[in-house]
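What follows is a single structure, written as structure tokens, with notes after it.
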Protein chains: 2
Amino acid sequence: MSRSLVLACNCASENEPVVVGHAVIRPKPEYHGNWESLLATTGSVLHFSQDSDIYGEGAEADTLYRIVSGIVRTCSFLSDGRRHIDSFYDEGDMFGFEVGHVHRLSAEAVSDCTVIAYRRCTVERLAAENNVLARQMFSCAMRNMAHAQNHCLLLARKSAVEKVATFLTEWADPSPRMEMKALAMTRQDIADYLGLTIETVSRTLSQLERDAMIELHTARHIRIRNPVALRALIA
Amino acid sequence: MSRSLVLACNCASENEPVVVGHAVIRPKPEYHGNWESLLATTGSVLHFSQDSDIYGEGAEADTLYRIVSGIVRTCSFLSDGRRHIDSFYDEGDMFGFEVGHVHRLSAEAVSDCTVIAYRRCTVERLAAENNVLARQMFSCAMRNMAHAQNHCLLLARKSAVEKVATFLTEWADPSPRMEMKALAMTRQDIADYLGLTIETVSRTLSQLERDAMIELHTARHIRIRNPVALRALIA
DNA sequence: CGTAGAGTTGACGGGAATCAAAAGTAGTGG
DNA sequence: CCACTACTTTTGATTCCCGTCAACTCTACG
């Protein structure tokens, strides 16, 4: 099923999304209070296949996105190609905010994705007239900022174990049991997110398994055996 | 002169700012176009002496600040005391934005500072009525976000030399000659900002001097001798 | 079964941290 | 003016965490 989507995407043209239709879907219940319903009446539903570009660095920032399903990563690069993943975005998350008129980060589909694309000028116009929406956009941008700041602390001052433990905690569900859904991202993605190498990520996960903190059922399916001890590691 | 201010501050009470008066000053010419003049008619002028707290982590986020003079740092800490400096703010910069109702970072005066404090609720009320101001606040928050994202890339993927070169470039004036005003921050501040140790910062600066990139006139007064080569280092 | 990509593991080396001490700088008091 | 103290900065010696290089395993897929 997801495969047919991939093919559909690749047929259309290299890595171009398939526009499925004008969005008429309402926000899902859990976001009902969070997003002005007027946003639910605008926007286009798009599909992106795994690893395809949603937008590139330097592209015109005329669109905002909200994820319906799938995972998205935003990346930046140094001149010699070193990559850094700024953030992963999950179902319900909004991304694509920019100060100026171009994207400073690129965005890519980690898994097959369905997103709703809103025209930036439309959103800005609506926000100018509607205070509730304006505040929602503002606090959404602020949450992105808060995340970036937290992540700076991690990158600057945490050890490899602390980084990996933090990552696992971020992606486990928030309940005390910390059940984990299957990871969408590769070891390379995790490494580029945490400022490590794949080898170090892999070694650290193995170490955590040996210490009975986690269980590596498969590479992408991790179970947290000792949530308390894991949380104690994040510093 | 600044010394009398320090004393004044310490007299008032431990590290408490001195309220000099209700702000009636207009924004300086260079910010005239950037900040709605209605903000110029509100806010209180405060002084903070070097190394005093402006607000602490967890404090109620009911105030926004704009710097009139001096340098401010925002910090976060790990449980064992490891410090990270999220950002330095210079004359004209605005800081204190938060998603929720508490400050997630603490703010401290790097040098003796004069700031204008705006009540958050006042600014929010004004922004709700005035679209220009609302957009200015939004883009200010977005610039903070962009800075944090840039900084993540630096922390995650740059070497010590690249980090220091980036820092110097950030703080040199933007003209090609890259004249540097005296640094307000200590080596410890620089280290905590770049995710390094003081020793590494010091060694790297010495190395850059040996390579004729910079001149360490005194520890706090650095002259950039070869702006082109220095820029080439930032990756 | 065979190939390709993802992930793991091991051996080794290097860059930055740590530990330690000297040198430079500023403030204070005689 | 200069000694005395406290602090910041620099420099050196050593350690160690993580990166690099390389080989091997595992899984997916045709």
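In what follows, chains carry the letters A, B, and so on, assigned in the order in which the sequence lines appear, proteins first and then strands, with residues in each chain numbered from 1.
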**Asked** Is any side-chain N of the basic residue among A/Glu209 and A/Arg223 closer than 4.0 Å to the acidic one's carboxylate O?
**Response** no

**Fill in**
Those residues at least two apart in sequence (or on a different chain) that pass salt bridge (charged side-chain N to carboxylate O under 4.0 Å, His left out) with A/Asp211 are none

Under 3.5 Å between N/O atoms: give me all the protein pairs with nucleotides 14-17 of chain D, atom names plus distance.
none

**Terminal helix-axis angle for the helix from C/dC1-D/dG30 to C/dG30-D/dC1, with five pairs defining each axis and rounding to 10 degrees** = 30°

**Request:** Report the distance from atom CD of A/Gln188 to atom C1' of D/dG19, rounded to the nearest whole Å.
**Result:** 13 Å

**Request:** Measure the acute angle between the ring planes of B/His221 and B/His217, then classify it against the limits of 30° and 60° as parallel, tilted or perpendicular.
**Result:** perpendicular

**Message:** What residues from residues 193-214 of chain B pass a heavy-atom cutoff of under 4.0 Å to DNA chain C?
**Reply:** B/Gly195, B/Leu196, B/Thr197, B/Glu199, B/Thr200, B/Arg203

**Request:** May I have the distance from B/Leu183 (atom CG) to D/dT8 (atom P), rounded to whole angstrom?
**Result:** 16 Å

**All salt bridge (charged side-chain N to carboxylate O under 4.0 Å, His left out) counterparts of A/Glu199, not counting sequence neighbours** = none

**Request:** Could you tell me the separation between the NZ atom of A/Lys158 and the P atom of C/dA17, rounded to a whole number of Å?
**Result:** 18 Å

**Message:** Can you measure B/His221 atom NE2 to D/dT9 atom P for me and round it to whole angstrom units?
**Reply:** 16 Å

**Request:** Fit a plane to each ring of B/Phe88 and B/Tyr193, take the angle between them on a 0 to 90° scale, and name the class: parallel (under 30°), tilted (30 to 60°) or perpendicular (over 60°).
**Result:** tilted

**Fill in**
Correct closest heavy-atom pair for B/Met94 and B/Asn144 would be O-ND2, 4.2 Å

**Contacts of type ring pair (Phe, Tyr, Trp, His ring centres under 6.0 Å), residue A/Phe95, not counting sequence neighbours** = A/Tyr65, A/Tyr89

